[in-house]
Each structure stands twice: as structure tokens, then as C-alpha cells.
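Here is the structure we will look at.
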Amino acid sequence: MIKLEDSYSHKGQRKALVKTLARKGIMDKKVLEAIGTIPRHFFFDSALHSHAYEDKAFPIGEGQTISQPFTVAFQSELLAINAGDKVLEIGTGSGYQAAILYLLGAEVHTIEYNQHLYQRTKKFLPKLGIKAHFYQGDGSLGIPDKAPFDKIIVTAGAPVVPKSLLKQLKVGGILVIPVGDRKTQKMMKLTKKTAKQITQEEYDSFAFVPLLGHEGW
Ligand code: SAM
């Protein structure tokens, strides 16, 4: 049985984290508010609770990580979520990013490759009152029978932009994805202007765990 307690100290640390993210350039007030609301330590093993509000990625088991808060905030900002947006997240992991997307008003669809993380997070997020649709499988192929999506976020590093994901994006939709080699990737924002025209913006470098699967590594 997990004991979920959000103490005064945790709230204070969360406030400080939000200030750090704003100082590092996150401007979207709703994103900062969501980070300030979701207790990140709930997503950590209790042995690591004291590190939960550091702006760092941490292990979540199965060789995977919970992304750095700055990364979560940066990707969320690029997605520019509108209430009711149907959003696909690839790489459920701990469920922290999915929780932020939910708070931003998205209808969250999240897919995880790793069977154990899928099972764990599918059980855990509803306990926090977070609603999402959970899937297990190769998210590099998207989820064709749930498409199209308003927004797609990939939280693992891809070698190329998966064609399936662009296909499953609505016209006007946004795909945010880190693309590069197995160690570092550039954050990319792709906007589907028309069925045939995609614009592309490139941002700073990040270091994600690899996107596995058919259109991954
Ligand atoms: N979004 C997560 C969070 O908030 O904790 C962090 C994600 S972690 C950096 C990357 C996740 O992507 C891992 O859990 C990994 O198992 C998953 N992953 C890698 N390749 C995948 C694929 N093809 N489909 C779905 N998930 C994948």
C-alpha cells in the first residue's frame, strides 16, 4: 500500500521548482501551474523522495527514467494544449507527463512499450484522480485505430520522425519529438499545416532514453 502524503515541505520545494523553470525560460503560466500542482514525489520510489523536486531526470525502474521537469515543461509548452485536445503521448513511463497533460485539459491517450511500467502506471494514475487511456505496445507506430490526434508528444529519443505519427496527426496538429542519435537529440516541433504541408522548428538538445520499436531504434 503506497502512502501518498503531500507535505508543507514538498509544496515549498515544488514552488521553488516552478521558479527555477520560469527562470530557465518556461513562460506558459498553465504549464507552470500544472507543475506546481502535481506532487512529483508521488512518482518516485520512496528512497528517492528527497530528490523529487530537483530539476533532473531520475530512474523509475526497468532501465527507464522520469524526465527532467524542465523537459516536461518545455515539451508541454511547445504542444500548446487547448482544453479538450486529444493528445497521444508515446512513452507513459511513470505517468508524470500524462498527469501534466491531463491538468492542462487534454484527453490523454498514452502508450508504453514496457509491460511492467504500463501495468504499474495504469493502476497508479487513477489513484491520483488522473484520467487517461492507457495502451501497451509500440508507440513508434502511433495508435492507428484511435487517430487522428490534435497533438502528439514523444518522450523518448527517436532516430527519425516516424511517418506513422505524422499520418495520425490532424491538420493543424502539432507533433513534439526529440530526434537525434542514441545519446542526444534536438527537440523538434512539427506542425501539420495542410494534409501535405508540414512545417518544422528545431530547438535545443536533450538526452532521452531511446525510442524503441518499428520506427524507433
Ligand atoms: N513520459 C514519461 C514520464 O513522464 O515518466 C517518461 C518517459 S521515459 C523518458 C521514456 C519511456 O518511453 C520509457 O518508459 C520507455 O519504456 C518508453 N518507450 C520507449 N520506446 C517506446 C515505444 N516504441 N513505444 C512506447 N513507449 C516507448
Side-chain angles (χ1 to χ4, degrees), residues 6 10-11 13-45 48-49 51-61 64-82 85 87-112 114 117 120-121 124-125 128 130-132 134 139 149-158 174-180 184-189 201 203-211:
D6 193 22
H10 289 127
K11 286 181 184 142
Q13 291 176 56
R14 210 148 61 235
K15 244 184 178 172
L17 173 63
V18 167
K19 274 193 184 158
T20 302
L21 298 182
R23 205 181 56 241
K24 288 184 176 178
I26 301 300
M27 287 181 293
D28 188 323
K29 286 210 169 62
K30 284 189 184 156
V31 169
L32 292 171
E33 209 176 289
I35 302 254
T37 304
I38 299 284
R40 189 170 183 249
H41 64 284
F42 287 180
F43 297 78
F44 277 55
D45 188 275
L48 290 171
H49 269 188
H51 297 287
Y53 296 99
E54 292 170 18
D55 189 20
K56 286 184 187 161
F58 276 97
I60 53 169
Q64 301 302 330
T65 53
I66 178 171
S67 300
Q68 182 183 348
F70 178 78
T71 306
V72 172
F74 192 73
Q75 288 198 283
S76 302
E77 189 167 75
L78 288 181
L79 279 177
I81 306 279
N82 298 307
D85 272 358
V87 179
L88 172 62
E89 179 197 23
I90 290 131
T92 312
S94 69
Y96 180 72
Q97 174 75 72
I100 298 291
L101 295 171
Y102 174 74
L103 242 67
L104 291 171
E107 175 192 308
V108 181
H109 296 256
T110 183
I111 180 164
E112 172 56 53
N114 180 284
L117 289 175
R120 192 172 87 187
T121 302
F124 173 64
L125 274 192
L128 304 183
I130 308 286
K131 291 193 190 85
F134 297 92
F149 299 96
D150 294 293
K151 311 277 163 69
I152 301 180
I153 171 173
V154 181
T155 68
I174 295 172
L175 165 64
V176 173
I177 178 169
V179 181
T184 57
Q185 306 87 27
K186 291 263 183 216
M187 192 63 75
M188 312 282 293
K189 172 179 169 179
E201 290 158 68
Y203 297 87
D204 281 347
S205 290
F206 290 80
F208 282 83
V209 293
L211 177 74

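All values below were derived from every heavy atom in this structure, side-chain atoms included, with hydrogens, water molecules and symmetry-related copies excluded. In this text, all values refer to a predicted model and were calculated from it rather than measured experimentally.
Expressed to the nearest 0.5 Å, how far CD1 of Ile177 lies from NZ of Lys189 amounts to 15.0 Å. Phe74 CZ to Tyr203 OH: the interatomic distance, rounded to the nearest 0.5 Å, is 6.5 Å. To the nearest 0.5 Å, atoms NZ (Lys19) and CG (Leu17) are separated by 12.0 Å. Once rounded to the nearest 0.5 Å, the distance linking CG of Asp204 with NZ of Lys186 reads 6.5 Å. Distance OG1/Thr155 to CD1/Ile66: 10.5 Å, rounded to 0.5 Å. Distance CG/Leu103 to CD1/Ile81: 11.5 Å, rounded to 0.5 Å.
When the shell of 6.0 Å around NZ of Lys24 is examined, it contains more than 12 heavy atoms from other residues, nucleotides or ligands.
Using modelled atom types, one finds a donor on one side chain and an acceptor on the other under 3.5 Å when comparing His41 with Tyr53. Side-chain contact, Gln64 with Ser94: no donor N or O sits under 3.5 Å from an acceptor N or O.
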side-chain contact (heavy atoms from CB on, under 4.5 Å) assessment of Leu78 paired with Met187: CA-CA 10 Å; Leu78 288 181; Met187 192 63 75; 3.9 Å; yes
Take His51 and Lys56 through the side-chain contact (heavy atoms from CB on, under 4.5 Å) test and state the conclusion after the steps. CA-CA 8 Å; His51 297 287; Lys56 286 184 187 161; over 6 Å; no
Run the numbers on Ile38 and Ile130 for side-chain contact (heavy atoms from CB on, under 4.5 Å), then give the verdict. CA-CA 10 Å; Ile38 299 284; Ile130 308 286; 4.1 Å; yes
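Between Thr92 and Leu117 the shortest side-chain heavy-atom distance does not fall below 4.5 Å. In this structure the side chain of Asp150 never reaches within 4.5 angstrom of the side chain of Val87, judged on heavy atoms. Contact annotation: the side chain of Leu175 approaches that of Val154 to within less than 4.5 Å [non-hydrogen atoms, C-beta and beyond]. Counting heavy atoms from C-beta outward, Ile60 and Tyr96 have side chains that stay 4.5 Å or more apart. Between Asp28 and Ser76 there is no side-chain heavy-atom pair separated by less than 4.5 Å. Residues Gln75 and Pro178 form a side-chain contact, since some pair of their non-hydrogen atoms from C-beta on lies under 4.5 Å apart. Between Thr71 and Phe208 there is a side-chain heavy-atom pair separated by less than 4.5 Å. The closest side-chain heavy-atom distance from Ile174 to Lys151 is below 4.5 Å.
What you find for Pro69 and Leu21 is that their closest heavy atoms are C-CD2, 4.0 Å. A pairwise comparison of heavy atoms in Leu211 and Ala158 identifies CD2-CB, 3.8 Å as the closest pair. Scanning both residues, Leu125 and Ala99, for their nearest heavy atoms gives CD2-CB, 4.3 Å. Contact record, Lys11 with Asp6: CE-OD2, 3.5 Å, taken as the closest heavy-atom pair. In this structure, Ser67 and Val72 approach most closely via the heavy-atom pair CB-CG2, 3.8 Å. In this structure, Thr110 and Ala132 approach most closely via the heavy-atom pair CG2-CB, 4.5 Å.
A donor-acceptor pair under 3.5 Å is absent between the side-chain atoms of Arg40 and the main chain of Ile35, judged by distance alone. Side-chain N or O atoms of Glu89 include none that pairs as donor or acceptor with a backbone N or O of Ile153 at under 3.5 Å.
Between Phe124 and Phe43, the distance from one ring center to the other falls under 6.0 angstrom.
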